[in-house]
Amino acid sequence: MTFTSFMDHALTEAQAAADRGEVPVGAVIVDAAGAIVAAAGNRTRELNDPTAHAEVLAIRAACAALGQERLTGYDLYVTLEPCPMCAAAISNARIRRLYYGASDPKTGGVEQGARVFSHPQCHHAPEVYEGINARPSEEMLRRFFAEKRQ
């Protein structure tokens, strides 16, 4: 079986978020056949909604499109390590695999900080693959925040 990454699609969503003035994080949900069922970028500022992270928006869109509350058998690609809120949403959605790019030592909730999937209260932990296209994700975030500081 050949691995096909959808991180380029997530990076496109992240760039669109940056173009809107949002923190550049993008997410894509893919079915077992390799079809993208949902994609989103951060929209917290645009929607005045602190929960409008790329992962949450993609999960909401995928569930709506599929008419179901769980995404068993679906994979999530996201450009930045999910925060604890998003990790909990990923667990609740029963995502099969999580692929993420850049690690987030400040607010990450998977391999950093809260490590949501390792808690006994976590009912479902996806397979996790980190560092997928990490460099372009990191560079996009670095550039975005450098421009904000000017």
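Remember, predicted model here, so these are calculated numbers, not experimental data.
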So OH of Tyr74 and CD1 of Ile29: to nearest 0.5 Å the spacing works out to 9.5 Å

Under 4.5 Å between any side-chain heavy atoms of Leu98 and Pro82, yes or no?
yes

Quick one: are Asp8 and Asn133 in side-chain contact, heavy atoms under 4.5 Å?
yes

Pairing donors with acceptors under 3.5 angstrom, does anything connect the side chains of Thr44 and Asn42?
no

Exam field: side chain Gln68 to backbone Arg70, donor-acceptor pair closer than 3.5 Å:
yes

Exactly one of Val28, Val30, Ile90, Leu71 should register a side-chain contact (heavy atoms from CB on, under 4.5 Å) with Leu76. Which one does?
Ile90

Got Val56 and Arg60 here, is their nearest side-chain heavy-atom distance under 4.5 Å?
yes

Has the side chain of Thr79 got a donor or acceptor atom that lies under 3.5 Å from a matching backbone atom of Gly26?
yes

For a 4.5 angstrom cut-off between non-hydrogen side-chain atoms, does Val23 reach Phe145?
yes

Can you check whether His53 reaches Cys83 side chain to side chain, under 4.5 Å on heavy atoms?
yes

Taking Glu81 for its side chain and Glu111 for its backbone only, find out whether a donor-acceptor pair lies under 3.5 Å.
yes

Between the side chain of Glu130 and the main-chain N/O of Ser103, is any donor-acceptor distance below 3.5 Å?
no

Okay, side chain of His123, backbone of Asn92: is any donor-acceptor separation there less than 3.5 Å?
no

